[in-house]
Amino acid sequence: MARHGGGRGWYGKMVGAALGVTVLAAGASVWTAQAGAVGGSSPESAVSAKPAGDVKPVDVTIAHASDKGERGVNVTIDDGPDPVWTPQVLDVLREYGVKATFCMVGTQAQAHPDLVKKVVAAGHRLCDHSVSHDTAMDKESQSYQSKQILDAERMITEASGGVRPMYYRAPGGAFTPYSRSLAASRGMRPLGWNVDTKDFERPGTDAIVATVERELPNGPTLLFHDAGGDRSQTVEALRRILPWLKDQGYAFGFPVR
């Protein structure tokens with residue numbers, strides 16, 4: 001798995017205060033007290049709704065497969081939500097009737113709860129992408145990994161109005177046996193990818209599209225980004241890729257749980 005960015009990641013300057021807000025024990029007590037109801041949910045949003053107090057462990061292995069089977073494709077969107085690019089990505093997904101999994105950074109979710117709620121209301125699923133997008137967190141202590149995962153889980157759930165993330169994707173694929181076990185114990189399936197579109201590097205829309213077409217035989221889970229810089233190439237690439245996938249006979253699904 002490729003590592004996007006380096007060191008503490010591009011959110012480092014944003015999260016100094018956030019990392020010190022919640023100690024691990026306090027985070028655990030928050031989860032025990034969370035209410036299970038999600039107000040105003042539609043039939044679509046119920047697809048991803050998981051009561052915060054009803055945590056059931058899931059498989060600890062890293063998921064790549066699609067719940068739609070061999071002809072399934074999973075669209076995953078990382079690093080947001082972003083006030084400029086997430087609404088545009090949502091518009092494209094709605095245009096083509098596609099549901100996706102949004103892997104959200106905790107501080108971004110906390111800063112833009114309206115966008116988190118829009119993602120849920122549209123029937124997409126949520127994924128914990130850590131507090132600060134530290135691509136080297138696999139080199140850190142277990143207590144550090146716990147705070148990154150559990151604090152982000154809390155931030156995303158609170159921002160959504162009570163909908164829990166169903167997956168955990170380590171920044172840059174920086175999983176450890178401990179982080180996978182912790183996430184799975186919280187009901188978040190560790191989530192990998194098969195096709196890295198490299199859209200994070202802004203290689204051009206044509207290059208992003210070509211990467212998907214070339215690497216799709218590697219597996220069904222596609223990696224895109226809706227934050228971290230100008231994502232106009234990603235938006236335009238999705239406009240081309242989604243109808244192409246439909247024409248090829250693929251069905252859009254979610255990663256297996």
Side-chain angles (χ1 to χ4, degrees), residues 8-12 14-38 48-63 76 78-81 101-113 115-117 119-120 125-192 227 255 257:
R8 296 295 180 188
W10 56 273
Y11 286 98
M14 300 169 54
V15 300
L19 287 177
V21 169
T22 307
V23 297
L24 182 57
S29 66
V30 169
W31 292 119
T32 303
Q34 286 272 5
V38 180
S48 58
K50 291 290 181 180
D54 183 23
V55 177
K56 295 181 180 179
V58 293
D59 196 318
V60 72
T61 59
I62 298 175
T76 66
D78 282 20
D79 294 359
T101 300
F102 282 77
C103 299
M104 295 185 175
V105 172
T107 52
Q108 291 294 103
Q110 190 176 58
H112 306 289
L115 293 177
V116 182
K117 291 178 176 67
V119 167
V120 171
R125 289 186 179 179
L126 301 177
C127 171
D128 179 333
H129 201 34
S130 83
V131 171
S132 62
H133 201 271
D134 182 354
T135 59
M137 64 182 286
D138 55 334
K139 305 298 193 296
E140 301 291 345
S141 67
Q142 290 184 357
S143 62
Y144 178 87
Q145 295 175 51
S146 294
K147 282 187 62 62
Q148 285 282 321
I149 295 168
L150 298 182
D151 282 4
E153 182 190 14
R154 171 182 55 80
M155 291 173 177
I156 294 167
T157 303
E158 290 178 353
S160 72
V163 178
R164 299 186 60 254
M166 298 177 70
Y167 308 92
Y168 167 66
R169 173 174 276 167
F175 288 103
T176 66
Y178 175 79
S179 68
R180 290 191 292 108
S181 177
L182 176 63
S185 74
R186 297 295 309 158
M188 298 183 291
R189 179 76 184 265
L191 177 59
R257 298 239 317 145

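Because the structure is predicted, anything quoted here is derived from the model rather than measured. The basis for the numbers below is simple: all heavy atoms, side chains too, and nothing from hydrogens, waters or symmetry mates.
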**Item:** Pair T157-L126, side-chain contact (heavy atoms from CB on, under 4.5 Å): steps then yes or no
**Value:** CA-CA 9 Å; T157 303; L126 301 177; over 6 Å; no
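- Pairing each heavy atom of G172 with each of T135, the nearest pair is N-CG2, 4.2 Å.
- Contact record, F102 with V119: CD1-CG1, 3.6 Å, taken as the closest heavy-atom pair.
- Rounding to the nearest 0.5 Å places CD of Q142 at 9.5 Å from OG of S181.
- With hydrogens and angles ignored, the 3.5 Å screen pairs a side-chain donor or acceptor of K117 with a backbone N or O of A159.
- In this structure, R257 contributes its side chain and V58 its backbone to no donor-acceptor pair below 3.5 Å.
- Nearest heavy atom pair, residue V131 against residue D151, reads CG2-CB, 3.5 Å.
- Applying the salt bridge (charged side-chain N to carboxylate O under 4.0 Å, His left out) test to pairs two or more places apart or on separate chains, those with a residue in residues 167-178 are D78-R169.
- Minimum interatomic distance between D59 and P190 (heavy atoms only, all atoms of both residues): O-CD, 3.4 Å.
- Between atom NZ of residue K147 and atom OG of residue S143 there is a gap of 9.0 Å, rounded to the nearest 0.5 Å.
- In this structure, D134 and P171 have side chains that are not in contact, with every pair of non-hydrogen atoms separated by 4.5 Å or more.
- Listed by chain and residue number, nothing satisfies the ring pair (Phe, Tyr, Trp, His ring centres under 6.0 Å) test with Y167 (two or more places apart in sequence, or in another chain).
- In this structure the side chain of M104 reaches within 4.5 angstrom of the side chain of V116, judged on heavy atoms.
- Residue H129 holds its NE2 atom at 9.0 Å from OG1 of T76, rounded to the nearest 0.5 Å.
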**Request:** Determine, step by step, whether R186 and R164 satisfy the side-chain contact (heavy atoms from CB on, under 4.5 Å) criterion, reporting the C-alpha distance in whole Å, the side-chain angles of both residues, the deciding distance to 0.1 Å, and the verdict.
**Result:** CA-CA 10 Å; R186 297 295 309 158; R164 299 186 60 254; 4.0 Å; yes
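- For the side-chain contact (heavy atoms from CB on, under 4.5 Å) criterion with R189, the lone passing option out of T61, I62, V60 is T61.
- Rounding to the nearest 0.5 angstrom, the gap separating the CG atom in L115 from the OG atom in S160 is 13.0 Å.
- In terms of modelled atom types and a separation under 3.5 Å, the side chain of Q108 and the main chain of P81 share a donor-acceptor contact.
- The closest side-chain donor-acceptor pair between S179 and T176 falls under 3.5 angstrom.
- Remark: R154 CZ to Q110 CD distance equals 6.5 Å, nearest 0.5 Å.
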**Derivation and outcome, side-chain contact (heavy atoms from CB on, under 4.5 Å), residues Y144 and M137** = CA-CA 8 Å; Y144 178 87; M137 64 182 286; 3.8 Å; yes
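- Rounded to the nearest 0.5 Å, atoms CE (M155) and CG (D128) are 10.0 Å apart.
- Between the side chains of S130 and Y168, not a single donor N or O lies within less than 3.5 Å of an accepting N or O.
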**Derivation and outcome, side-chain contact (heavy atoms from CB on, under 4.5 Å), residues E153 and M188** = CA-CA 9 Å; E153 182 190 14; M188 298 183 291; 4.0 Å; yes
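- C127 and C103 make their closest contact through SG-SG, 3.0 Å (heavy atoms, listed as atom of the first residue, atom of the second, distance).
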